Amino acid sequence: MEFQGNKLSLCVSFVILMIGVYMLSAQTAKHPDRLPLHSIIYSVPEQARLNFFSQLEVFGKENGFRVRIAPVHPVNKQFGIDMWRSDGLISGDNLLDTAIFYIGFYAAEDGSYSMVVMDTLFQKLVSRIGQIDGVIVKSST
């Protein structure tokens with residue numbers, strides 16, 4: 001019986017991985033020029049999640065973004081993060097691992113953005129989130 005449970009877990013993990021690959025390839029195929037200008041991977045323990053979301057909302061509002069943070073799974077452990085304004089989009093999620101959030105900074109579809117502005121926004125977000133106890137930057141570019 002334990003073997004079937006492990007087999008089921010492996011199948012579910014594979015399906016989740018394939019969904020992530022599909023979503024990434026669909027986004028790239030739809031907008032091949034829309035690779036992120038910057039990206040950050042955060043490790044966010046469950047006890048820090050509410051503060052993480054709160055700081056993302058404050059950051060978004062302070063910088064003129066409309067913000068949406070919402071569960072994408074009925075268990076409410078997987079979330080989508082979207083912040084948008086006329087010159088760009090910040091988008092992220094924790095679909096592959098509920099403790100790891102992937103966040104990307106994207107240019108506006110019409111190309112109306114300033115790299116200097118995006119660099120500044122990136123640094124502001126890294127600084128703000130870096131002050132949350134327990135949250136670790138695993139990677140940033």
Side-chain angles (χ1 to χ4, degrees), residues 1-115 117-141:
M1 186 59 114
E2 186 176 326
F3 175 72
Q4 286 185 359
N6 288 340
K7 195 173 177 182
L8 179 61
S9 294
L10 182 62
C11 288
V12 169
S13 296
F14 179 74
V15 168
I16 290 171
L17 176 64
M18 289 296 100
I19 289 170
V21 168
Y22 171 77
M23 289 171 45
L24 181 60
S25 64
Q27 177 66 21
T28 303
K30 188 175 176 185
H31 302 288
D33 58 334
R34 300 241 334 167
L35 295 174
L37 303 170
H38 291 291
S39 62
I40 314 168
I41 301 173
Y42 286 111
S43 173
V44 182
E46 195 164 341
Q47 65 271 20
R49 189 173 294 157
L50 289 178
N51 194 10
F52 177 70
F53 291 158
S54 174
Q55 292 303 313
L56 287 172
E57 287 187 31
V58 169
F59 166 84
K61 290 177 182 174
E62 285 179 354
N63 291 285
F65 286 93
R66 289 178 283 169
V67 179
R68 184 188 69 81
I69 300 172
V72 294
H73 191 275
V75 181
N76 294 331
K77 291 190 179 214
Q78 295 173 314
F79 292 85
I81 299 164
D82 291 300
M83 294 184 253
W84 64 98
R85 64 185 201 182
S86 63
D87 62 343
L89 165 72
I90 300 172
S91 184
D93 61 52
N94 66 337
L95 297 178
L96 298 177
D97 180 338
T98 58
I100 305 294
F101 283 83
Y102 300 86
I103 297 178
F105 285 66
Y106 298 88
E109 285 188 31
D110 65 2
S112 62
Y113 75 97
S114 160
M115 195 62 198
V117 170
M118 289 298 159
D119 289 346
T120 301
L121 289 169
F122 176 74
Q123 292 304 321
K124 284 182 177 180
L125 183 64
V126 168
S127 176
R128 176 175 292 280
I129 300 301
Q131 297 174 22
I132 301 172
D133 287 337
V135 175
I136 299 168
V137 176
K138 299 201 52 94
S139 173
S140 68
T141 58

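What you see is a predicted model, and the numbers here were worked out from it, not measured in a lab.
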Exercise for review: For the residue pair Phe59 and Phe65, categorise the inter-ring angle as parallel (less than 30°), tilted (30 to 60°) or perpendicular (more than 60°).
Suggested key: parallel
Practice item. Report the C-alpha distance between Met83 and Leu121 in whole Å, list the side-chain angles of each, state the deciding distance to 0.1 Å, and finish with yes or no for side chain to side chain contact (heavy atoms under 4.5 Å, CB included). Key: CA-CA 12 Å; Met83 294 184 253; Leu121 289 169; over 6 Å; no
**Study point:** Value rounded to 0.5 Å, distance of CD1 in Ile129 from CD1 in Ile40
**Key:** 8.0 Å
Review point. What's the shortest heavy-atom distance between Gly104 and Pro36, and which atoms?
Key: CA-CB, 4.2 Å
**Study point:** Interatomic distance, Gln55 atom CD to Leu125 atom CG [nearest 0.5 angstrom]
**Key:** 10.0 Å
Check your understanding: Do Tyr42 and Val137 come within less than 4.5 Å of each other through their side chains, counting heavy atoms only?
Key -> yes
**Study point:** Main-chain N/O of Arg68 paired to Asp82 side chain as donor or acceptor, under 3.5 Å
**Key:** no
Point to revise | Any donor-acceptor pair under 3.5 Å from Gln78 side chain to Val72 backbone | key: no
Review point. Which heavy-atom pair separates Lys77 from Arg49 by the least distance, and what is that distance?
Key: O-NH1, 3.9 Å
Practice item. Just grab all the salt bridge (Lys or Arg N to Asp or Glu O under 4.0 Å) pairs involving residues 118-141, residues at least two apart or on different chains. Key: Glu62-Arg128
Exercise for review: Begin from the C-alpha positions of Asn63 and Arg85 and carry the test side chain to side chain contact (heavy atoms under 4.5 Å, CB included) through to its verdict.
Suggested key: CA-CA 9 Å; Asn63 291 285; Arg85 64 185 201 182; 4.2 Å; yes
Study note, to complete from the structure: Applied to residues 94-106, the salt bridge (Lys or Arg N to Asp or Glu O under 4.0 Å) test, sequence neighbours excluded, yields none
Review point. Roughly how far, to the nearest 0.5 Å, is the CZ atom of Phe53 from the CZ atom of Phe79?
Key: 4.5 Å
Check your understanding: What pair of heavy atoms forms the shortest contact from Trp84 to Leu89, and how long is it?
Key -> CB-CD1, 3.9 Å
Revision key, fill the gap. All heavy atoms of Val67 vs all of Glu57, minimum pair found to be CG1-CG, 3.9 Å
Study note, to complete from the structure: Here the gap from Phe122 atom CZ to Ser127 atom OG, rounded to the nearest 0.5 Å, amounts to 11.5 Å
Exercise for review: To the nearest 0.5 angstrom, please state how far the OH atom of Tyr102 sits from the CG atom of Leu96.
Suggested key: 5.5 Å
Check your understanding: Quick one: are Asp87 and Met118 in side-chain contact, heavy atoms under 4.5 Å?
Key -> yes
Review point. Could you give the distance from CD1 (Ile81) to CG (Leu56), rounded to the nearest 0.5 Å?
Key: 5.0 Å
**Study point:** The single option from Ile100, Ile136, Ile103 passing side-chain contact (heavy atoms from CB on, under 4.5 Å) against Ile41
**Key:** Ile100
Check your understanding: How close do Ser86 and Ala108 get, heavy atom to heavy atom, and via which atoms?
Key -> O-CB, 3.3 Å
